[in-house]
Each structure stands twice: as structure tokens, then as C-alpha cells.
Amino acid sequence: MSKNKKNIVTLTGVGKSFGAVKALQNVQLEISTGECIGLVGHNGAGKSTLMNILAGTLTPTKGEINVSQVAQDQLYNVAIAHQQGIRCVFQELSLCPNLTVTENTRVMHASLQGWGWRKKAGALIIDMLDEIFPGHGISIKALIDDLSLSQRQMVEIARAFSITDTQLRIVILDEPTSSLDAVVADQLLQHIRRFVSRGGACVLISHMLEEILSSCDRIVVMRDGTVVAEKNATDFNRDSLVAAMGSMAREYQHDANDDAASKRQGTALINCAPKLQHDEQQLRVYKGEIVGLAGLAGQGQTEMLVQLFSPQKSMAFVAGDRQSDGIFPLWSIAENITIGSMRNLLRKFLLDKNSAAALASHWQQKIAIRSPDLNHNILSLSGGNQQKALFARALASNAQTVLMDDPMRGVDIGTKQDVYDMIRAEADNGRTFLWYTTEFDELKHCDHVYVFRNGEIVADIPKTQMNEQRILQASFKASAA
Amino acid sequence: DTSDKKIALSNNYAGNSWRQAMLNSWQKNGQQAVADGVIGAADAFTTAENQVTEQAAQIQNMILQGYDAIVINAASPDALNGAVQQACDAGIIVVSFDGIVTAPCAWRIAVDFAAMGQSQIDYLNEKLPKGGNLLEIRGLAGVFVDDEISAGIHTGVKESGKFKITGSVHGDWAQDVAQKAVAGILPSLPEIAAVVTQGGDGYGAAQAFKAAGRPVPLIIMGNRQDELLWWKEQKDANGYETMSVSIAPGVSTLAFWVAQQILDGKTVAKDLVVPFLRVDQHDLEEKLAKTEKGGVANVEYSLIDAKKFLAEM
Amino acid sequence: MTLSPRMFRSLLPAMSLSVILIAIFYLQPRTMSYFGLNLLLNLALPIAFATLAQMCIITVNDLDLGIGGFVGVVACIGATLLNDSPLLGVLALLGCIASYAALGALIHLRQLPSIVVTLGMSFFWLGLALMILPRPGGSAPQWLHAIMTFKTPYIPFTIIALSVVALLVHWMLKVSAYGTILRGAGGNPSSVERAGWSLLKTKVTMYALAGCFGVLAGLTLVGLTTSGDANIALRYTLLTIAGVILGGGEFVGGRISPIGAVLGAVTLTLTGSFLAFLHISPDWQIGAQGGILILVLALRAIINRAETR
Amino acid sequence: MHSISSLFHHTLAKPWIWAFIGAFAVWLATIIFTGGQGAGQMLTAALSFATFSVIVGIGQMFVISLGPGNIDLSIPANITLAGVVSMKLMDSHNEMILLGLGAALLSGLAVGIFNYTLIRLLRIPPIIATMSSSFLILSTAIAYGRGLKIKPPAALAEFTTTHIYGVPLLAICIVVLAFILGVMLHRTVFGQSILAIGQNPRAAKFAGISVEYVRFCTYLLCALLASLCGYLLAGFSGGASLNMGTEYLLASIAVVVIGGTSVAGGFSNLPGIWGAALFMFLLVTMLNTFGLSAGLRLMLTGIIIVGVIILSTRSKQPS
Ligand SMILES: Nc1ncnc2c1ncn2[C@@H]1O[C@H](COP(=O)(O)OP(=O)(O)OP(=O)(O)O)[C@@H](O)[C@H]1O
Ligand SMILES: Nc1ncnc2c1ncn2[C@@H]1O[C@H](COP(=O)(O)OP(=O)(O)OP(=O)(O)O)[C@@H](O)[C@H]1O
Ligand SMILES: [Mg+2]
Ligand SMILES: [Mg+2]
């Protein structure tokens, strides 16, 4: 590292457990002025947890945080982090939807008060928005409720970069580009470079490896709660980065007698267009197929699934946002699994407890849900295992079609492989799957892929013609053109 | 001549049989008076839940509507004085009855509730020379009628010296609440010689005694048809004796005529006392026959009755 | 500039108030005067204060089922202690506010459901009021009555007071810097906490504020009625909830409007008068109150639906 | 030894146990005060009156279980209307008993449909929708019944007041009804759907539950139970009066939450309602027996209720 860089933060031996789950183990991280660090790793690797610790919103179970060479004690919290100039844009949006853009700026800055605070806050945020995202079209008087997802993200980013009386030294960006389009994402990356060149420091978390490779000085790779590689960005290329991230890149084995094309015959099970579709393009799904919905995040895929979903037509739904769309938090694991199959468990008018228990334990074995007792509360499971329970709920029902809304969020690699295999097996038995995913690797498991952009289907790709290039091109039509 | 004068009734609660009977009497009498050309209008207004503020607003609206007289059954004796004063200031005659107001400018057709309570003890003194334990069923806590009647009962008990109030519950003037409260406290009470009530709770009390398998004591009734009927049945079967006392709902008609007389230019004393309506062993059958099924024993006043009443004061 | 549905909705409380006011003016032209407006509106002041108290609680996603009883307690203190020994009276009122703040702390720290706690407290308040004033009576301090019957030139005192209070609370919650945090704590508590604010403090502040408004409601009420009564304000509990919603507030998410709440409270007060001027049969006078509420809220629903389209 | 203490802790962890403990403690305090007199009779009385709170409490519990914001404030008016309608129709004739029951339930049905229409079609928050409708219902009862108190048929009065060895017949019937409804809650698709919606309505929708249909049925059920209560209560207390439902506004909510049902929805506790109803009755009885003034009685009621809530929420937390 060059001499003019000054160390701001050092994390040593940081560990964090949530009950039995060890989210972080013995992590070292140094952040200095004038550098942008890329943090990558599989889902659930512990990136967000680590950044939450740095931002002061989580207390580590082990390890030490040094800010400006001063060791912080257990009382290290958000307020201290703010004083030290450490800010964070969290993975889930954290703006108050009932407040305006200006008011949300105030929430971040305790010093914005007294007469005329509104004017100061408004000027602060609009200047920053104009600087980072020229042409953003956001009114500072608008309620967050009234903004689109990507506008909210822009506000939150601009808010994190805004400066009042306290210094700003480190900005942590946890998947900031997941809901931004390519142009805006590029504006952000340019701003990060400007910020860094002025002596600030950034930590950028992203699953879009190109961004990381192009914008970061140094890349830290995490796997299963530990740092597994740390090198200058120039020392990585895409392949070596993927390799460093580990088992992520296990190649999907094609069956020799793959009959994807042969399934596309007869009448389609589903024949439907997205609400915003301008042309004749239709989403067609045939029995026994696995159909992928691809594209960038939030381009209307979830809306498509919700539009299609109707339990009367023998459909089940696997939610990706399990906290808000999937889990029944007061119930046991068994109850969470069997709620989807209630009608099959009726003896006369009553639910049969024994068959329910049998059904639940059948699926526990089949899908390997790691729990000593299915009567334990669902929240006692790790996130990945909760997701498995949701899969079990859908598969245990006799629904012929399963809609999956980016269902692999927070699922670890091992599980993913299991689930991929199971989906394939079920499809071979005649079930139909609609699968929205943002990861290219998962699309390889699909028989047919529809790429979404701005709520429309922009490409219709059969398995044989599928490659990452094509999907990326379709996803980014605007920038590619 | 009052044929172009308008009178309004301000009522604050309509949720029990007494109030319904009171409104009914008013309605009947008022319509007749309007038809006869004695008065220009006799409108009734009622609010829901016995709330001072709503009744105050109601009175203020009546001022705005230009009534010449307002007849009030008030939710609170003092708390409406503000609104009543405003009405008086606007030159409106205010006559209160049953629930009276203390504003000096208003007329009061009062029932001596304390005397009503005391009369129960006087009766018991006669009937139960040996004295004994009493159970008291009160009305709604914090309402002045409840306080007055109870005070009368307690004074009576103190003066007599023969009785002891061993239990006192609030029945909220609602039959089922009274029944519930009595049933709860009854097991813990010694033998009860009599039950003193505030009206309308007698039947519920009798039920509770019956349900507990205890001998039914002397229960003072409250003039309701079901109470009188029960009393009659007991009387025929085993010579049960008691008395029944309450204020007649028809006192609203008296208030109406008093207001009319004042509008007509008669001088009327500010404080009038109306006797409560009492049913005794000897006139039970007669009063019961005159009472509507499910209603309350009633006395309504005609103009002539009212004039006679005023002359006697 | 076109009228967006959101703006339309924020104007709705004012519009429903105007509609009902115009209807009243039409039915009874005499109300269209200094004297008339004064009579029509002066009882709206205590209800408006109580509604603001309820609104403070709703801001932090709670609900207060005990506010009516609390206002009753204050009215009883106002008619007794405050008159007889002013110092003791003021101390008692401060105690009332402090106990509300403590309630907020208890609810936050033990994560208790506010509905249940305030329901239990409603019994407590009524009992306390009965202890202070077992039968209606007492009398309000002279100065309080004088304030409440003060005759301001041109515009009735009530209207001035209502406007000042609405604007003041609007400033406190919607304009001031800390008010923003308080509303934010209702909108997204974890985001406010992540920005370094104490949620305990916001909750206690809001409950204490509710206590203050409850005290003001009780005092203005007793100033108008001149004497106390334990049962005086029991109906306020439901009225205030309706007032907040009528004023454009929502049960969750920190979406509240102080001006709207005051307008809502006034609208509710006026519906009673409106019905009185309509000469409905006494049997249906009670039902008509429900009918009017439904009408006004249904209008909201239609506009909301237009907004989601 | 260890298993006994773990059983003990397990039982203590049940949120409804506090209502029964409270009821027992209050009962004990009362009979200690009276020197043991009337212990049994007090329980008999408690059972007869708790029955009515339980009927409406169960309905309210189903509604509250649907999740935050769901509550039925029209129960008192509904009770009154059903009582008035059925008593007037039966006009004290024994042979009309079933017809009267039908009429009561029909009025409940109408109320339920009306409430849900306001909630669903007009998007009025349930708390205000049911409050507004209660005014209309009460007016209907006034206009229809004119406040006259008509005696119930003798057979109905007999049925509602009969005891078998000190246990009210009606209480036995309602225990059976409560048991059936409990089975319905835990063992039928409908019951499980209510609990699922109460925990997470979005997830319930994605799990294939028809959320609005279940909500409709729940409000209907609550209204039907309230009207049943009105019918029985009028029979029990010698006729319907216009204020007969008033005290069930707070009572129905109180027995539900003291009984251990979560106001946040998704967790219902039926046995707890019995405990809470007995507790509420015995609490009033205890304070009456102590001869305290009305003010002190109400204050203690409030303090004890809040105390029970604090105790029961703490016992839930460690799990
Ligand atoms: N509050 C929590 N309680 C229990 N477990 C948690 C909690 N937060 C995170 N975890 C677990 O800790 C692990 C690390 O999670 P973290 O959110 O840091 O992953 P991540 O690397 O940010 O993943 P992603 O790329 O999906 O954002 C996961 O296994 C997750 O399930
Ligand atoms: N809920 C109430 N609020 C205020 N005053 C009441 C109430 N109920 C009765 N009163 C008053 O009590 C007095 C006597 O009424 P009484 O008790 O005889 O009838 P009631 O018992 O209330 O009627 P019922 O029991 O038939 O419904 C009257 O002055 C009446 O105005
Ligand atoms: Mg993350
Ligand atoms: Mg009565």
C-alpha cells in the first residue's frame, strides 16, 4: 500500500454468532483513506453482518474494532460510528416511508436542527443528489412512499454521502446497485471513484463482479463467515474471483438425454403477458418445464409471478422475501410445512395430526432440514433451513405448478445444490416450475428463460441458445445499444 | 297565547325503558298539544351515552334554532350550567326535571331522591320491626341520582338504628349488571332481611336470590311492569308484601306544561317538587293494570293536571 | 397544477368540514354569526385536545383506550384540587403527565401491547376520578372559566384557539427537527434507531405529549362546564380515534396530520349539531351519527382507491 | 423431581395459566375474607355469568386473531338487537323458542354482513366501521323494541337458569360449544387459516389461503356468537333491555387479552377465555365483598389487569 494512505479502521479477530449460527469467524479487515474495497462472497457469507458490526448496528461476539488506532469497547454503537465518520447504506432500505426526502436527511444528521434546518437539509441532499446522480428527477419534498425503488436507493446513497459538521471517512454500500439500472449504477461508481480520490474510503458489496473489478482498489472475498482471499483488484480477473468465492461455480451437469425442447409441445399450461408488455410477446409455460424469469432485480418478475398466482389452479408459491411473504413466525417447523397441504390432511372435516406429522417428517428427510425436532419454532432454524421449509411447503402440496420468487436468497451453497437436484427431479415427475432468479448460474437449470426489463419480456431464450452474454445483453438493452 | 312558541326537549340518554317511556310520554303529549294549537312545536332531541359535553352542545344548538323554551333532563346537575346560562342569556326559558340543573336562572321540577331513598327505610321500619341486614343495589357510580338516593337510604338506616347495610353493589341501572353483581356478593352475605334498590333492579335481585337457592327477602321494587307482575304472582301465591317506588317517566309532560305556562306569562316558583310514584300492596293490581306490558308505571299530566299542581305548590 | 389524489386526500378533512358547515349554515342561517359559531364550536376545543393526545399515541403505532378516563381525571382535579389549593392541583396534573410518560416507558421496555395496558388503565382512571369526585360537583377555577368564555373581537375565541393549537402542533410534529424523528419512529423504527436515536426516548416523549394534551383537554372541558364529573369524557376514547382517522391519520406508519386531527375533531362535533338541525326522529338520532361517520369515511375509501389506480 | 419442576415451568409458560391463577387467587382471597362462607355458591355464580362473557369473548378472540387492527366494537349493540328482536317475536310463548333463536341469529347474520361490507367495500378500519355500525344497530333496536321489556318464554328462562349439582346447565352447553369451536380453531382449515392470516396475511395469501373469505366468515362468526349471547342473556335476565349489552364492550376485549390471546394476532387461546371470564367476575365479587368504594374498586381492577398482562408477557418471552 502506498505511503500516503492512512489507516482508519482495523477489525481484528471479529466473530459473530446468532444462536447456533456462526455468521462470522475470526475476520480481519483494514480500511485506509483513499481506497475502495470490494467485498464479495456467496449469499450468507457474512458480508452484511460484518458491515453491520463496522457500522455499529450489531455488536460482535468476539474480536476488536480499532478506529483511528483507538480500540473501541462493547459500547461502540451507531452514534459513535457516525461521529467517527462511518456511514452505511444497508442492504434493506432504511428510510422512513412516511417522511420526505428532506426529513429523511434530517434523521441521519443529528446536527440539522434549529431554525432553518429544513432549508439546510434540503440543500444538502439535493446538492448531493445532483452531484452523484445528475438528472435524477427527485423532488426533495416528495414522500419516500411516492418514490420508486431505485429512487429510494438513490436518496439513501446520497444521504450517506452528505456531510454536515461531522467528518465523513468511510461509506459502506451494501449491494447498492441491486435496484439501480446500469446508467445510474455507473453514475454511482464514478462518484465512488471521485470520493476515494478525495481521500475518502468506501466498502462496496455487490454480486455484480464487473462492478467490483472495475471500481475497487482491493477485493476481499468472504466464504462461510471468514475472509478467504484479499488482493489488489488488478490481481483478480473474473474467473479467478469466481474461483476464490469457492463452490459457487460448481458447473451444472447436463443430462445427456436432455429433452428440454420436447416438452414444448401441445398446449401451454400458462399463456400470459405481463401487464406492461407492449408487443405480442407471451410467457408460455408447458407441463414439466422449468422456466426461468431473468433480468436485473425488480424488473417486473415478481409482479409477473404474483399476477399468475392463483391457488385454485393448483399452484404453490415459494417466496424469496421469507420474512414478509413466507414464514408464519409463531408456528413450528411442522406447521409451517403442512399449512400448504391442509386439504390433503383432512379426515372428514378435521385435520389429521398424525398424517401431518408424517408428512412433515417425510419432507424433513427428503430435503434435509437440520433440526432436532419439527415441533420447534420455525425461527429456531437458520435462514437457509427456513427457506428449505418453504420449499417443502410448496413441494409437499399437490400443486402442479410451483412459482418461485428468487427463492435462493440466503440459502447456502450446499443446500442450493440439493434444491436444484430436487427441482429437476420433481420436474421430471411432471411438475412445472416458474423460477425468478437474478443469478445466471441458476438459469442454467432452466429449460427456457424469459428476460425481463422494465416490466416487459425482452427476450425469449430456449435452453440450447442460453449463455450469459445473451442474457446480460437483453438485460441491459439500453446500455448495450 | 303560546301557539307560536316552540319547546324542545333535551335528553341525554335513551338506552333504558324509563327513558323510552319518558320520551314516549313527551311525544304523545307534545303532538297532541301541537295539534290542539296550544304550542307551535314540541321537538325531542336525544344523545347517545349520557355525556355532558354532547348534551351541552345539544342545548347550544337549540339556542341557535330559536326555541322559546328548553326542557332538560340533565346528565349532570352542575356541568351543564355553562350552556344553560347561555340559553337564559338568550332569553330562553329553561325547565329541568328528573336530572335537574343548579343554574339559578332555570326552573327545577325536582324529585326528592334522598326522600325517595329514605321512604324505603321508613317502609322497612314498619314492616320489619326487628330490623335486619340490608343489601343495597346502587346505580351508576358518579351520577348524582345514585348518590342522592343512596344518601337517603344511608340517612334512613342511621336514624332507624335497626338495620345494617351488609353489602352494597353497583348495578349501573342495568338489570343484567345488577343481577350479576348481586349473584356475586350474595354467597358471602349473612341472611338478608331486605333489599333496597334504586329502581328497576328488583326483578334481577329476586332472580339472583332464587338462583342461589336462598329465601327471597323483602325487595323494594322500582315500578317496572315485570317487577310488579312478579310481585303480584308472589302475592297471590304466598302473600308476599313489599312496596315499589320510582319517579314517573310522565314527569316530562309536567315539565312541558310548566314551560308552556311560563311562556304564557304565568309566574311559577323556580323550585318545584314532584311526588314520586309509589305502588303499595293495596293498589298493586290497579297500577299494574294501567301499566303497558314491558313498560314502567306511569303518570302523565294534562294541562289541567299541571295547573292544579302549580296551584297547590 | 392538477390536483393529485394525495393532495386531494390531504384536503379531505377540510373539505368534509366545509361540507358539513355549509349544510349547517343552510339549515340554520343563525349559526352564521359570531354568536352562532361560538355556540357551535366551543365544545370542540376539549375534543380537539383529546384527539391530539390520541394522535400522539397513534404516531408511534400504539392506541390509547384510556384517554377518555384520563380526561375525566383531569377534569375532576381541575374542579377540586386546582381550585382549592392551586399548587397541589398543578402538582397533581404534572403527576398525571408523568404517569403517562411512565406508561410509555413501560410499554416500550416490556414490549407490552398498548391496547391492553391502556384498557386496564381506563378502569384505573375512572376509579381515580371517582375517588377525587364521588358525585358530580366541584367548581372550576375562576380564571379557567374566564379564559374559556373570553370574548375575542371579530373571531370567536374557540376558532382562534383551535387554529393556534393546530398550527402549533403542526409545527411541533411536522416542521420542527425533533418532530421529524418522532414521526420517523412511527414510520420505520429500526431505521431511526440505526441513525443513532433512542426509541425509548421517542416513545416516552410521545406519551408525555399525549398526557399534556389530555390535561389540556380536561382543563378546557372543566373550564366550559364549570364543574367536574367522573363520567364526563368516557366517550372521548372512541371519538378521538375516529377524529384522528377522519383527519387523515392512519393506525400504523407514523402517518398523521395534526391539522387534520383538529379538523376531524371539529367535524365530529358538528355532525351532532347537523343532525339536531335535521330534525330526525329521536329513535334514529343515535344511528344517524354512525351513518354520517360511515359516509365521511367512505369518501376517503373512494379517493384512496382512485389513488392506487 | 426434575420432570415435575419442568412440568411446572412448562405450565407456567402457558400464557392462559395466569388468568386461572388470578381467578383462583381472587376466589381464595374472597373466601378467606368471608371465613369460608359461600365458596361453592360463588363458583356457581361465577360460572353462570362467565358463560356470557365467554360466548362473546370467543367471537372477539377469532376477530382479534386476524391480526392488528381487527376488533369488533358492535358486539354490545348486536347483543341488544338480538335480544330485543327475539323477545318481541317470541312474546313469552314457549312454542316460539326456536323461531326466536332463528330470529336472533338472523339479526346477527345481518350485522356481520353489514360490518364486513363496511370493512371490505368501503375500506373503513374495522375499529371505526364496527363502532359506526353499532350506532345504527342500536337505533334499529330502539325503533323496533321501543325499550319495552318483554318476558322470555318460561321454558327459555328455565333452561338458562337451571343448575345440575351447582353447575349451570348453560355453562355446560357453552363448554361444549367452546370445545367445538376450539377444535374448529386447531383442527380445521378455517381455524388454521385464521391463525395464519393473523401472523402474516401476505404469507397466508401465498400459501393459498383465501384471505378475504376467511375474514368475512370470522366477522360473521363473531356477530353470530354475539347474537346468541343476546338471546340467552335476555332469557337469563328476564327479558331484553336496551342497555343489556353495554358492559360487554370492554368485557369481550378484556377476557380475550387476559386469557392469553395475542393482540398482535395469530395466537388464540380458548381455555384462557374461561379463566379470564371467571377472573373478571370473581375480581368484581372480591372487591364488592371487601366493601370498597366504587372508585377504589375500579382503580384496583385496572391495576390488577395491567399486572396480569405484565406477568403473562414476561412468561412468554424466554421461549
Ligand atoms: N439476525 C440474525 N439472526 C440469525 N441469523 C442471522 C441474522 N442475521 C444474519 N444471520 C445469518 O448470518 C449469516 C450471514 O448473513 P449475512 O446477512 O451477513 O450474509 P451476506 O453475506 O450479507 O449475504 P447476502 O449476499 O445474501 O446479503 C447467514 O447465515 C444468516 O442467515
Ligand atoms: N344510565 C343512566 N344514566 C343516567 N341516569 C339514569 C340512567 N338510568 C336511569 N337513570 C335515572 O335513574 C332514575 C330512575 O330510573 P329507574 O332506575 O327507575 O329506571 P331504570 O332502572 O334506569 O330503567 P330500566 O332499568 O328499566 O332500563 C331516573 O332519574 C333516570 O333518569
Ligand atoms: Mg447481505
Ligand atoms: Mg334499571
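Chain identifiers are assigned alphabetically (A, B, ...) following the order of the sequence lines, protein sequences preceding nucleic acid strands; residue numbering begins at 1 within each chain. FYI, side chains are in, hydrogens and waters are out, and symmetry mates aren't considered; it's all heavy atoms of this structure.
Within the 3.5 Å criterion, the main-chain N or O of B/Asp147 finds no donor-acceptor partner in the side chain of B/Ser150.
Using a 4.5 Å heavy-atom cutoff, the side chains of B/Trp18 and B/Ile247 are in contact. C/Val222 is listed as a side-chain neighbour of C/Leu144, based on a closest heavy-atom distance under 4.5 Å. The shortest distance between side-chain heavy atoms of C/Leu45 and C/Leu162 falls below 4.5 Å. Side-chain contact between C/Leu224 and C/Leu43 is present, with heavy atoms from C-beta onward closer than 4.5 Å.
Using a 4.5 Å cut-off between heavy atoms, B/Ala8 does not touch chain C at all. No part of C/Ile24 comes within reach of chain B, as not one of its non-hydrogen atoms sits under 4.5 angstrom from that chain. Within the 4.5 angstrom heavy-atom criterion, atoms from both the backbone and the side chain of B/Gln65 approach chain C. For C/Asn231, the parts lying near chain B are the backbone and the side chain together; criterion is any non-hydrogen pair under 4.5 Å. Residue C/Asn38 does not touch chain B at all, counting heavy-atom pairs closer than 4.5 Å. Contact annotation for B/Gln85: neither backbone nor side-chain heavy atoms come within less than 4.5 Å of a heavy atom of chain C.
With respect to chain C, the highest number of heavy-atom pairs below 4.5 Å among B/Asn11, B/Leu23, B/Thr53 belongs to B/Thr53. Most heavy-atom pairs under 4.5 Å with chain B, from the set C/Ala79, C/Ala230, C/Ala75, C/Pro136: that is C/Pro136. Of the listed residues B/Ala75, B/Ala83, B/Gly82, B/Ser76, the one with more heavy-atom pairs under 4.5 angstrom with chain C than any other is B/Ser76. Interface remark: of the candidates C/Ala44, C/Pro134, C/Ser273, C/Ser273 forms the most heavy-atom pairs closer than 4.5 Å to chain B.
When the options B/Ile100, B/Asp146, B/Asp98 are evaluated for a side-chain contact (heavy atoms from CB on, under 4.5 Å) with B/Phe113, the one that passes is B/Asp98.
Residues B/Tyr301 and B/Trp257 keep their aromatic ring centres 6.0 Å or farther apart.
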